[in-house]
Amino acid sequence: MLVALTGVEKTYASADGPQRVLQGVDLTLDAGRSLALTGESGSGKSTLLHLVGGLDVPDAGRVMVGGQDLSRLDDAGRARHRREGVGIVFQQFNLIPSLDVAANLSFQARLAGRHDPAWSARLLDRLGLTGLAGRYPEQLSGGQQQRVAIGRALAARPPLILADEPTGNLDEATGDAVLDLLLDLVRDTGTALLMVTHSTRLAARLDARAHLSRGRLA
Amino acid sequence: MTGAALSALWGHWRRHPGQSLTLVLGLALATALWSGVQAINAEARASYDRAAAALGQNDLDTLGASDGRLFDQSAYVDLRRAGWLVSPALEGRLRVGERSVTLRGLDPLTAPLAANPVDLSDPGDLAPFLRGEVGYLHPETLATLDPTLLPLRVAPALRLPLGVLIVDIGAAQRLLDQPGRVSHLLVWPNQPRGLPALDAVAPDLVRRAPQARADVASLTDSFHLNLTAFGFLAFAVGLFIVHSAIGLAFEQRRTTFRTLRALGLPAGRLVGLLAAEVTLLALLAGGIGLGLGALVAALLLPDVAATLRGLYGAEVTGALTLRPAWALAGLGLALAGAFAAAAQGLWRVLRLPVLAPAQPRAWLRASDRGLVVQAAMAALLLILAGIIALTATGLIAAFVLLACLLLGAALALPPLLSGLLALAARRTRSVLGQWVLADTRQQVPGLGLALMALMLALAANIGVGTMVSSFRMTFTGWLDQRLASEFYVTGRTQDEADAIRALLAPQALAVLPIWRAAQPLAGAPGEVYAVADHPTYRDNWPLLRAGPQVWDRVADGTGLLINEQLWRRSGLQLGDRLDLPGWSAPVVGVYSDYGNPKGQVMLSPDRFTALYPDAPRLGMAVRIAPEAIPALRAAISDRFGLPDALMIDQAAVKRFSLGVFERTFAVSGALNVLTLGVAGFALLTSFLTLAAMRLPQLAPIWALGLTRARLARIELARAAILAALTALYALPVGLAMAWTLLAVVNVEAFGWRLPMFLFPGQWAVLGALALGAALLAAVWPVRRLARTPPADLLKVFAHDR
């Protein structure tokens with residue numbers, strides 16, 4: 001079991017008072033498998049993804065990733081988990097504007113001390129970015145930027161990829177092409193994938209699906 | 001439509017009160033320093049005008065001896081008999097205890113109205129005045145004097161200039177020991193027709209128009225120009241803050257601009273509304289700036305007044321009077337500054353197509369392109385500075401040179417930093433190093449203005465610090481040379497001085513004369529001194545240029561010495577002849593004479609006595625063992641009742657001179673510190689505003705596995721790198737400024753050139769200060785970043801949708 005969530009709860013303060021975003025969620029994901037997380041806006045999908053990614057900590061319950069209880073880690077431990085344990089793909093790409101494509105792609109791998117130039121070159125090739133390696137993010141289209149973000153997430157060969165609406169900012173054709181690439185690469189590398197999406201069509205392409213509603217798994 | 005648009009635009013300031021405060025405070029600080037300096041200048045000029053107007057110097061012709069000496073009042077009687085409407089006047093210095101005042105003797109019955117500053121229309125006032133029983137002084141001067149030491153009853157008169165005692169001419173002749181002598185005659189503006197020519201009645205007198213006489217205002221012009229230049233520098237530094245704040249406000253309202261334009265607001269109307277907004281903010285900030293400026297002026301004015309008294313003998317009131325013209329000028333400057341700072345932003349809003357403002361980082365990209373233009377402008381200005389340094393002369397040219405140098409160097413900073421960081425990023429192997437350097441480079445356009453402000457403040461500190469320290473070092477050594485004698489005594493009258501000399505002669509190693517006469521030199525006020533032939537001068541006098549047997553030639557009356565000021569002003573070279581009334585001799589040497597604005601000549605005592613028989617010969621320098629001074633002082637005091645103020649030992653003179661020196665540069669020091677403070681504030685506001693914009697840039701790095709604490713440390717290191725590079729760059733700029741001040745401005749303004757010394761210790765302190773300021777400015781936003789809850793960082797990703 002790569003990911004195991006047990007009784008996870010999370011509450012955020014808001015202008016209307018405390019908001020219980022996750023209410024006792026249990027979830028598992030095996031290594032090399034892919035799971036789509038669906039649900040309406042505000043159902044807690046992204047929060048759950050953030051907890052698995054070590055970006056936030058639960059108020060209650062346990063978040064185990066690779067046999068490690070993330071809620072017991074300190075700030076530095078969670079940072080190491082983000083560096084080495086997961087690759088994250090955001091909806092808005094979040095590339096580093098001051099670095100070119102090649103540097104962006106290898107950035108996390110180098111931070112994790114796992115930079116493999118040959119693997120990075122293969123990723124560039126697989127993602128169709130070889131000719132764009134020297135360009136900067138603002139010189140790329142949305143689809144191209146998201147391909148760089150996928151490459152960045154995979155470059156460190158993490159056991160788990162977290163993707164938060166990775167095609168939400170792209171048109172349907174481009175989004176499909178990008179998802180094809182992501183799924184191919186995940187499959188080829190044996191990496192697990194936890195993807196948040198609104199789209200049932202896209203969710204259907206993954207191994208499994210979990211639906212969140214008002215902070216609970218439906 | 002306009003109302004709706006206005007409320008949308010103003011909403012920004014309501015939601016960002018910190019930014020509003022930055023903008024208003026930045027402009028207020030800039031206006032404060034400038035208007036503070038202007039208030040000081042205005043106060044000083046008003047004092048000069050009052051001094052000049054008091055004796056009708058502004059609009060009355062005078063008659064005087066061609067050599068500037070006193071003359072017999074019989075010339076006055078002759079002229080009156082010939083029908084000339086003239087009035088006699090006698091002017092001289094009168095010592096009152098430790099201070100001295102200008103004594104002006106007038107004849108109230110014949111003086112033109114414009115020349116009579118005291119109302120004597122009441123017979124009860126006139127009679128005692130004519131009898132020489134009463135004199136008049138400005139109350140502020142009166143308060144500084146010991147009334148028991150005044151030789152007559154003194155009444156206060158507000159219209160009088162500071163430091164001037166007005167008495168009847170008879171009383172003046174008595175007090176100055178000049179019976180029957182006058183210094184000049186005041187000429188009534190309307191003279192009867194058919195008057196005999198002046199040559200026919202008084203051939204020894206010449207008529208001088210008011211503008212022909214150099215007055216204190218022209219002497220102090222250079223000092224005020226220096227202050228103005230400082231004020232302007234501070235204003236320019238303040239404008240960087242304003243430009244930065246306005247630029248940020250425009251950047252953050254990109255979406256609002258786009259929406260307003262998309263909803264149908266014409267570009268012209270949008271720019272008009274933004275211009276109205278800038279006007280309102282500028283008026284508000286200008287008002288606050290004027291208040292702060294008055295405070296700055298009130299704090300600095302006593303030091304300025306002391307400086308002007310010490311350097312030029314100019315009396316300036318220590319109390320500040322604020323004038324409406326000053327307030328209007330301050331508000332006008334605030335407006336002009338705000339529009340200069342906003343011009344670029346307004347132009348961009350006017351020119352950019354409807355959707356362009358919404359493009360991410362449009363402002364930064366535009367600034368990137370701007371770096372190239374900036375580098376070209378910098379090169380142009382620096383070349384211009386080089387050309388001016390090589391070819392132009394005059395004080396204005398010197399300040400234009402300084403302006404070109406500083407502005408060119410400031411403009412060159414961001415392109416240089418950008419290039420340097422790019423180079424370093426290419427050579428760095430560490431992934432974080434690469435990111436930090438590349439990211440810092442991307443921040444250069446945003447931080448550029450604050451860094452330019454810091455660089456200017458540091459360069460000004462290095463430049464002025466080097467000048468003052470070089471001056472202090474030279475001045476201290478020079479004082480040791482000039483003040484070789486151990487004891488200085490001044491008699492109150494000629495008889496007393498002669499008696500003191502006779503008393504001292506057997507006890508002292510030598511009693512050397514300090515005799516002086518006023519003498520116009522090279523068309524400006526000057527003075528002639530007697531110098532004895534003695535090893536005191538031969539061994540110590542600070543000669544800059546000397547011909548063969550210089551002291552022998554001065555002693556035998558075949559040569560004279562001139563000071564550096566006169567040498568530079570007149571263009572005389574060694575061997576050239578200098579004409580004095582009734583005598584001419586070649587210049588055989590030039591000596592340094594720091595702190596004196598006037599030209600000066602030194603010649604032998606015999607020649608001096610022959611040329612200026614009327615000049616008082618009251619002062620003497622005594623060579624004596626220092627341990628014998630107290631006994632000698634007591635002896636003089638017992639026998640003559642001479643006050644301590646007229647018996648000064650070497651240490652006291654040095655202490656006094658250094659005191660004048662330190663106060664002279666106290667104002668420069670204060671303005672320096674204030675400018676550095678403004679630059680520090682600019683840096684703080686830039687870091688704060690950038691910190692808010694940086695969250696979206698830092699959040700992904702955090703998400704990729706860096707802790708907030710590490711990110712904060714990197715941010716701190718980034719600030720330190722930028723400050724260190726800026727400080728390093730400010731060093732050559734500051735030294736170039738110091739050279740310009742020492743070798744160009746000083747020569748033009750004061751007439752002397754100083755050697756330049758280097759003070760690495762000061763640079764280290766300033767470098768540490770710059771680092772400290774940058775770290776201090778960065779610490780707050782960095783602390784905020786380190787404590788940002790993950791939930792806030794996650795909002796960056798949540799805002800994706």
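A note on names: the letters A, B, ... follow the listed sequences, proteins ahead of strands, and every chain is numbered from 1. FYI, side chains are in, hydrogens and waters are out, and symmetry mates aren't considered; it's all heavy atoms of this structure.
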Fill in the blank from the handout: Within residues 141-155 of chain A, contacts to chain B at heavy-atom distances under 4.5 Å involve Arg152(A)

Completion exercise
So, the part of Thr440(B) with a heavy atom under 4.5 Å from chain A: the answer is neither

Exercise for the section: Apply side chain to side chain contact (heavy atoms under 4.5 Å, CB included) to the pair Leu794(B) and Tyr12(A), showing each step before the final yes or no. Expected result: CA-CA 12 Å; Leu794(B) 289 170; Tyr12(A) 284 123; 4.3 Å; yes

Tabulate below the donor-acceptor pairs under 3.5 Å that side-chain atoms of residues 431-439 of chain B make, not counting sequence neighbours, or state none.
residue, atom, partner, partner atom, Å
Gln434(B), OE1, Arg110(A), NH1, 3.1
Gln434(B), NE2, Thr428(B), O, 2.9
Asp439(B), OD2, Arg694(B), NH1, 3.0
Asp439(B), OD2, Arg694(B), NH2, 2.6
Asp439(B), OD2, Arg718(B), NH1, 3.2
Asp439(B), OD2, Arg718(B), NH2, 3.3

Closest non-hydrogen atom pair, [X] against [Y]:
{"X": "Leu212(A)", "Y": "Gly215(A)", "answer": "CD2-C, 4.0 Å"}
{"X": "Arg114(A)", "Y": "Ala156(A)", "answer": "NH1-O, 3.1 Å"}
{"X": "Arg83(A)", "Y": "Leu704(B)", "answer": "CG-O, 3.2 Å"}

Problem - Side-chain heavy atoms of Gln19(A) within contact of Lys10(A), under 4.5 Å - result: no

Problem - Contact origin within Ile96(A) toward chain B - heavy atom pairs under 4.5 Å - result: side chain

Exercise for the section: Please flag which part of Leu55(A) lies under 4.5 Å from any non-hydrogen atom of chain B: side chain, backbone, both or neither. Expected result: both

Practice task
Identify which one of Arg441(B), Gln374(B), Gln443(B) satisfies the side-chain hydrogen bond (donor to acceptor under 3.5 Å, both in side chains) criterion when paired with Ser418(B).
Solution key: Arg441(B)

